[in-house]
Amino acid sequence: MSRTLIIAEAGVNHNGSLDLAKRLVDRAKECGADIVKFQTAKLGSLVTKFAPMAAYQKENTGIEESQKNMLSRLLLSFEDFLGLSEYCRNVGIKFLSTPFDIDSIHFLNSLQDIWKIPSGEITNYPYLVEIAKTGKDIILSTGMSTLDEVDAALEVLKVNGAGKITLLHCTTDYPASPEDVNLRAMLTMKEHCGCPVGYSDHTQGIEVSVAAVALGAEVIEKHFTLDKTMEGPDHKASLEPNELRAMVKAVRNIERALGNGLKVPSESEKMNIEVARKSIIAARDIRKGEIFTEENLTTKRPGTGICPMMWNEILGTEARRDFMEDELIKI
């Protein structure tokens, strides 16, 4: 199996602090993630002053205000992202940020070689066109979407020159309930759309991400934070560094365990074949010339003699010499 791409989604868990964003970069690198991802937007292009908060945002923050007011405290500037992308290069982890408006697409285009489109933009035609025109590979989250909406987005992206497209199954709730995950829908998209697939995980814990890899996810995206108790809309649905490290380790173990699909003994198994399998042996002392029967033969370890699958061929033949009880039968 190819190596799963693991995206540590820092998102806005920096709470508007460049210093905290850099600490998230450091932790993502230490935990073994391949990419650390943020979110880039111009506030005036993202949301109106009338847009309400989502229910999960109210619950997770304990505040009810407009989305615009909330986001005004969480967004970094374009200048901040210039420094942050350079910081990622120095740390040795790939930088990625999701644009939430066309100006942010233009800004980020020189900073990254792939795109991550969030679920909320899958029906944003001009946005999809602008990203597709760059010709770069795209990872597309499909939360809240029907299969028809996924098809429509793919058509727009392909017609306008997008590179390779990977679809991420996603449940857009923070945290998402396991009952709402419907992980098999990832496989439905893979078969129907003919695209590589992955999973953007908003559940608590790491089990669903690991299961997604076992089912064939090529990309895993998971929110992470330095502390789940921090103020902000996404911290509660995020992993802390020790959990992210455990997820990365589990994913890498699953990759090794999946193997190549050929049903043959492993090298470690081969040395145990003779010890664990059985041979045809003498159930009691047998005299030369005696006929082998079910009464004077049995099967026991080790498996260094005649395989018991030859049982019917041995029955009825004549012993060519004496055999002691428990001795391997030879013909």
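Note that this is a predicted model, so its numbers are computed, not measured.
Here the options are Lys94, Lys29, Arg3, the test is side-chain hydrogen bond (donor to acceptor under 3.5 Å, both in side chains), and the partner is Asp34; only Arg3 passes.
With salt bridges taken as basic N to acidic carboxylate O contacts below 4.0 Å, one links Lys222 and Asp201. Here Arg301 does not pair with Glu274 in a salt bridge; the nearest charged N to carboxylate O distance is not below 4.0 Å. Salt-bridge formation is not detected for the pair Lys288/Asp322: no Lys NZ or Arg NE/NH1/NH2 atom is positioned less than 4.0 Å from an Asp or Glu carboxylate oxygen.
Annotation for Glu231: atom CD does not count as buried by contact number, only 12 or fewer foreign heavy atoms lying within 6.0 Å.
Ring geometry for Phe78 against Phe107 counts as parallel: the plane angle stays under 30°, on a 0 to 90° scale with 60° as the upper cut.
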* To do: Please report the C-alpha distance between Ile35 and Leu5 in whole Å, then the side-chain angles of each, then the deciding distance to 0.1 Å, and finally whether the side chain to side chain contact (heavy atoms under 4.5 Å, CB included) criterion is met.
  => CA-CA 8 Å; Ile35 294 175; Leu5 184 70; 3.9 Å; yes
* Step by step, work out the side-chain hydrogen bond (donor to acceptor under 3.5 Å, both in side chains) result for Thr146 and Asp148. => CA-CA 5 Å; Thr146 65; Asp148 286 344; 5.2 Å; no
* To do: Check the pair Lys300, Ser279 against side-chain hydrogen bond (donor to acceptor under 3.5 Å, both in side chains), reporting the backbone distance first and the verdict last.
  => CA-CA 6 Å; Lys300 291 184 182 181; Ser279 302; over 6 Å; no
* Asked: What's the verdict on side chain to side chain contact (heavy atoms under 4.5 Å, CB included) for Phe38 and Val12, showing C-alpha distance, side-chain angles and the deciding distance?
  -> CA-CA 7 Å; Phe38 296 91; Val12 294; over 6 Å; no
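Residues meeting the salt bridge (charged side-chain N to carboxylate O under 4.0 Å, His left out) test with Glu290, sequence neighbours left out: Arg284. Remark: Glu327 engages Arg321 in a salt bridge (charged side-chain N to carboxylate O under 4.0 Å, His left out) (not counting sequence neighbours).
Judged purely by atom type and a 3.5 angstrom limit, His169 uses its side chain to pair as donor or acceptor with the backbone of Asn182. When atom types are taken as modelled, the side chain of Asp137 and the backbone of Lys164 share a donor-acceptor pair closer than 3.5 angstrom.
No path of Ile, Leu, Val, Met, Phe, Trp and Tyr side chains, each step under 4.5 Å between heavy atoms, connects Val197 with Val219, placing them in separate hydrophobic clusters.
No side-chain donor-acceptor contact under 3.5 Å links Thr171 and His202.
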Under 3.5 Å donor-acceptor pairs involving side-chain atoms of residues 127-136, not counting sequence neighbours:
unit_1 : atom_1 : unit_2 : atom_2 : d
Tyr127 : OH     : Pro99  : O      : 2.6
Glu130 : OE2    : His106 : NE2    : 2.8
Thr134 : OG1    : Trp115 : NE1    : 2.8
Thr134 : OG1    : Ile131 : O      : 2.7
Thr134 : OG1    : Lys136 : N      : 3.4
Lys136 : NZ     : Asn109 : O      : 2.4
Lys136 : NZ     : Asn109 : OD1    : 2.8
Lys136 : NZ     : Gln112 : O      : 2.5

